[in-house]
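The structure appears right after this line, and notes come after that.
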Amino acid sequence: MPPNPSALDVQHHPILDGTPCTQAGLDLPPGSPPPPWDERTADDFSPYADRADFEFADFLYSEAQMSGRKIDKLSELLAALYPESDPPFADHDDLYRTIDATQQGDIPWDSFSMTYTGEVGVNSPPWKLARYETWFRDPLKVMEQQIGNRDFAGEMDYAPKRIFKGGERQYTDLMSGNWAWEQADKIAEDEQTHGAVFAPVILGSDKTTVSVATGQNDYYPLYASTGLVHNGVRRAHRNALSLVAFLAIPKTSQEYKDDPDFRKFRRQLFHTALHRILLSLRPHMLTPRITRCADGHFRRVIYGLGPYIADYPEQVLLSCIVQGWCARCLSPSDDLDARSGRRSHEHTDALIEACSLQELWDNYGIVGDLLPFTTGFPRADIHELLSPDLLHQVIKGSFKDHLVEWVTEYIKQVNEPADAARILADIDRRIAAAPSFPALRRFPEGRGFSQWTGNDSKALMKVYIPAITGHVPDQMVSALSAFTEFCYLVRRSVISESTLAAIDDALEIFHHAREIFRVTGIRLNGFSLPRQHSLLHYRYLIQMFGAPNGICSSITESKHIKAVKQPWRRSSRNRPLGQMLLTNQRMDKLAAARVEFKARGMLDGPCSAPILHQSAAPPELVPEGISNELEDDEGGAVEGTACLGDVRLAQCAVRAYPRNATLLGEKIGQPDLEDYIRRFLFDRKNPGAPIPGSHIELDECPEFNGRVFLYPSAIATFYAPSDISGINGMYRERIHATQSWRHGPARYDCVFIEKDPDLDGFRGLHAARAFAFFSFTHDGENFPCALVHWFVPTADRPCPKTRMWTVTPDFLDNGAPYKSVVHLDCIFRGAHLIGMAGTEFLPHYFTLHQSLDAFELFYVNKFIDHHAHEIAF
């Protein structure tokens with residue numbers, strides 16, 4: 001359910017409260033309107049001739065990413081087809097010149113070079129003689145562009161905040177955490193900053209490879225995002241994360257790669273580059289800078305280095321520690337889960353004064369001859385600023401690289417090789433047999449592929465627990481389920497104090513249950529693993545920085561595609577970096593121009609009058625057995641205002657099916673459809689009757705002779721901010737009920753149906769399977785409906801091993817499936833049920849299309865997505 005602002009108690013920082021001011025820096029009275037933007041006329045799309053030219057340029061360059069040669073060919077064809085008028089652009093050079101002339105988003109690239117400054121001789125290795133070039137854009141201008149982005153109006157916090165609901169603290173965006181408030185307290189010690197905005201600068205860096213096949217082409221992008229925008233904006237990749245720099249990557253031959261001098265130089269180069277890139281921000285970390293904000297007001301802005309998004313190897317580099325140690329605390333590398341104090345610059349400085357370099361390395365995991373780049377900036381301590389990394393610490397690290405591998409090792413260790421292979425093959429078949437669901441990544445051959453992505457690990461996590469249950473000890477299943485519970489809790493978009501308590505409980509159970517891996521000999525050396533150890537810091541980090549899903553490395557990894565990989569593919573591959581910089585600059589200009597044109601209402605409505613084409617079939621019908629493009633759209637993020645959501649029938653009814661209820665029922669294998677409709681009508685006409693329509697004599701039900709229209713699917717739209725949703729948290733999914741999906745077997749999805757809104761979790765829901773979506777009219781009222789087969793829980797609480805509810809199909813006393821017609825308004829959203837195989841092995845021919853028919857017991861898979869986890873507990 002979307003948040004009700006009136007139910008929230010939001011307290012803003014009393015001193016650094018983001019007071020609007022004049023362009024000269026004088027505070028405005030409360031309620032003052034913002035000054036007008038520098039408006040242009042409604043038809044001034046300069047440097048583009050008109051809206052059509054801008055849309056055409058944006059389409060060719062940003063969306064289609066058409067090559068220069070193809071742009072030239074298209075221009076030639078347009079000139080030939082329409083000789084009476086010139087094409088929008090004469091050729092690709094004309095297009096590029098126009099984009100380059102765009103003023104919006106114009107932040108030029110700059111560079112600096114660094115070299116090794118130690119002793120160099122004629123026999124020095126090549127890396128000591130090379131020049132290392134870093135390309136960057138002014139981060140101050142990048143931040144001002146983000147803060148002033150009119151597309152973010154209403155989606156920014158201009159002051160640290162504390163959110164309470166029913167007296168309970170909630171953590172959401174970065175500005176809702178304790179860190180932003182504490183930073184504001186420090187800044188407020190200077191009276192000249194009172195009324196200013198504290199604007200954290202979130203940074204992230206990570207090497208990426210653009211092509212393995214053509215050689216090792218590595219790039220080292222640095223990204224930046226203002227911490228003022230809400231997490232949903234940053235996760236939606238709406239230009240709230242900007243490419244700031246390409247860092248230099250020193251390379252050397254195998255002969256010198258382990259040379260201490262080279263390793264030290266590589267670290268020094270990294271920190272020196274970061275320090276130099278960020279220098280333009282430093283004066284305004286103490287003295288406010290008047291800046292135009294997204295809502296049109298001017299405000300005095302104080303910057304500060306904020307959370308740094310990085311995986312573990314990058315955290316080691318950033319914090320100047322030894323591999324295997326924790327970058328946040330002082331726990332020894334051989335006992336990371338031991339209680340210890342937190343690292344800090346001050347503590348490190350004291351140790352450097354008292355210890356030798358070797359003692360620092362051995363006893364504290366500190367690289368003592370390096371200084372983190374944060375030492376050169378006010379109020380910045382890298383040990384405090386390292387953000388939680390859900391992708392690498394939790395999903396890819398602790399889950400896939402640790403737990404999944406340990407389960408595999410266990411199976412191989414306790415079974416003969418042939419039996420182990422048989423069990424692992426059955427686990428793969430169970431994974432492959434998981435019923436279809438929107439956005440569920442398929443594993444048709446199980447887990448047997450070499451290149452694992454973060455999305456692969458997320459997808460495996462959704463279906464892995466039922467797959468191993470019965471093949472491994474219960475305690476091992478409990479360890480996996482407790483860990484998965486922890487993972488889903490920390491990935492929520494809103495985390496309350498109650499959620500933090502649940503996180504603590506899940507982590508405690510996981511730590512207890514994972515001992516099974518030590519007892520069975522899989523982890524004889526224990527669990528002193530940096531990525532698993534990091535889970536202990538999550539409660540504190542959530543309280544400091546808010547919900548971790550807004551500062552996760554999955555955001556920067558997604559940015560790699562648009563900022564690095566696609567520009568590289570568009571380059572000639574000959575000295576590609578310069579071409580990649582130019583591509584990014586043009587993309588940013590087009591995006592900034594679109595934001596401005598949209599904010600001024602210049603892009604409202606269609607670009608031109610719609611062209612009407614005569615359709616061969618009525619618009620509400622699609623051919624029988626043909627899967628059209630709309631039906632292949634499984635759903636995804638929905639832009640728009642947060643609301644309760646709804647379920648609606650697909651856009652088109654199925655053509656060439658009978659309209660008579662009896663004949664339609666026979667056609668779709670539901671011969672009692674007309675009876676079900678009559679019983680449904682009885683319930684509609686007799687709400688609160690002591691005996692429901694399903695249990696009375698049929699002749700007591702209303703007659704029905706109307707036309708029935710069959711639909712292949714329904715669309716559920718609901719508030720799911722923890723999933724990949726729209727800016728305001730809305731998400732949609734398609735629920736199928738069709739005799740043939742994508743020209744293959746039938747697909748009849750499962751749904752959640754509301755039972756009792758006063759009960760929490762799955763206790764307030766029904767699980768059912770939809771066998772038909774249809775509509776009909778009776779007594780002048782239209783009824784969108786579904787024919788469903790009900791499931792009933794097998795217990796009054798979730799399975800303690802898997803943490804999932806278990807259900808079984810419901811049948812009448814005569815053995816017939818218990819089915820009924822329900823109004824579409826009763827359906828909440830899609831549900832995912834996975835068959836309980838237990839110790840049985842699936843046949844080799846078993847497929848996902850058989851799963852919902854073959855099993856007697858099912859898990860209600862709350863791990864299929866984050867919204868399901870929040871409602872089906």
Side-chain angles (χ1 to χ4, degrees), residues 36-79 82 85-111 135-151 238-239 242-246 280 292 294 562-563 566-572 575-604 607-608:
W37 296 90
D38 296 331
E39 296 292 347
R40 60 172 76 192
T41 61
D43 60 351
D44 182 6
F45 283 88
S46 58
Y48 308 92
D50 51 29
R51 176 181 174 180
D53 272 19
F54 167 72
E55 298 276 17
F56 191 65
D58 195 24
F59 172 77
L60 292 182
Y61 199 83
S62 300
E63 188 173 340
Q65 300 190 9
M66 194 172 289
S67 67
R69 181 177 57 82
K70 290 184 178 180
I71 292 172
D72 293 344
K73 182 67 174 179
L74 178 61
S75 297
E76 292 176 9
L77 291 173
L78 290 174
Y82 307 101
S85 60
D86 294 330
F89 303 98
D91 52 26
H92 74 276
D93 287 329
D94 186 20
L95 171 67
Y96 295 166
R97 281 193 298 270
T98 305
I99 298 174
D100 292 340
T102 305
Q103 295 303 306
Q104 297 92 334
D106 187 15
I107 304 177
W109 287 92
D110 199 355
S111 68
W135 285 89
F136 73 103
R137 295 192 289 181
D138 185 347
L140 177 60
K141 293 181 179 178
V142 171
M143 287 298 101
E144 289 185 333
Q145 185 180 89
Q146 290 185 7
I147 293 172
N149 188 330
R150 295 162 73 174
D151 200 27
R238 273 177 46 192
N239 302 308
S242 299
L243 176 66
V244 171
F246 278 102
S280 64
R292 191 96 189 245
K562 289 187 176 181
Q566 289 179 351
W568 182 85
R569 294 185 191 115
R570 297 174 68 170
S571 73
S572 67
R575 302 176 66 85
L577 181 57
Q579 302 166 60
M580 294 163 64
L581 300 177
L582 187 56
T583 296
N584 273 283
Q585 187 164 344
R586 288 170 175 164
M587 296 279 281
D588 287 347
K589 287 188 172 190
L590 287 166
R594 176 167 291 279
V595 167
E596 182 177 323
F597 295 156
K598 179 182 176 182
R600 288 174 168 164
M602 298 165 66
L603 302 181
D604 292 344
C607 190
S608 61

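Only this structure's heavy atoms are used, side chains among them; waters, hydrogens and symmetry mates stay out.
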Ring-plane angle category for F89 and F56, please: parallel below 30°, perpendicular beyond 60°, tilted otherwise.
parallel
Considering all heavy atoms of both residues, which atom of M66 and which atom of Y96 are nearest to each other, and what is their separation?
O-OH, 4.5 Å
Within this structure, what is the CG-CZ distance for the pair N584 and R137, rounded to the nearest 0.5 Å?
6.5 Å
If we count only N and O atoms by modelled type, under 3.5 Å, do the side chains of S280 and D138 hold a donor and an acceptor together?
yes
For residues P576 and S571, report the shortest heavy-atom separation together with the two atoms involved.
CB-OG, 3.4 Å
Can you name the nearest heavy-atom pair linking D151 to V595, along with the distance?
N-CG1, 3.7 Å
Scan T102, D53, D58, T98 and name whichever one has a side chain to side chain donor-acceptor pair (under 3.5 Å) with Y48.
T102
Is there a side-chain contact between N239 and Q146 (heavy atoms, below 4.5 Å)?
no
Any side-chain heavy atom of Q579 sitting closer than 4.5 Å to one from S572?
yes
Looking at F597, does the NZ or CZ of R51 lie under 6.0 angstrom from its six-membered ring centre and within 45 degrees of the ring axis?
no
Looking at every non-hydrogen atom in both residues, tell me the closest pair between A90 and S75 and how far apart they are.
O-CB, 3.4 Å
Scanning both residues in full, the closest heavy-atom pair of Q585 with D106 reads NE2-OD1, 3.3 Å
Restricting to non-hydrogen atoms, name the atom on I71 and the atom on D91 that form the minimum distance, rounded to 0.1 Å.
CG2-C, 4.2 Å
Test your reading of the model: is there a side-chain donor-acceptor pair from W109 to the backbone of W135, 3.5 Å cut-off?
no
Rounding to 0.5 Å, atoms CD (E55) and CZ (F45) come to a distance of 7.5 Å
Answer yes or no on whether R150 is positioned over the face of W37, meaning its NZ or CZ is under 6.0 Å from the six-membered ring centre and within 45° of the axis.
yes
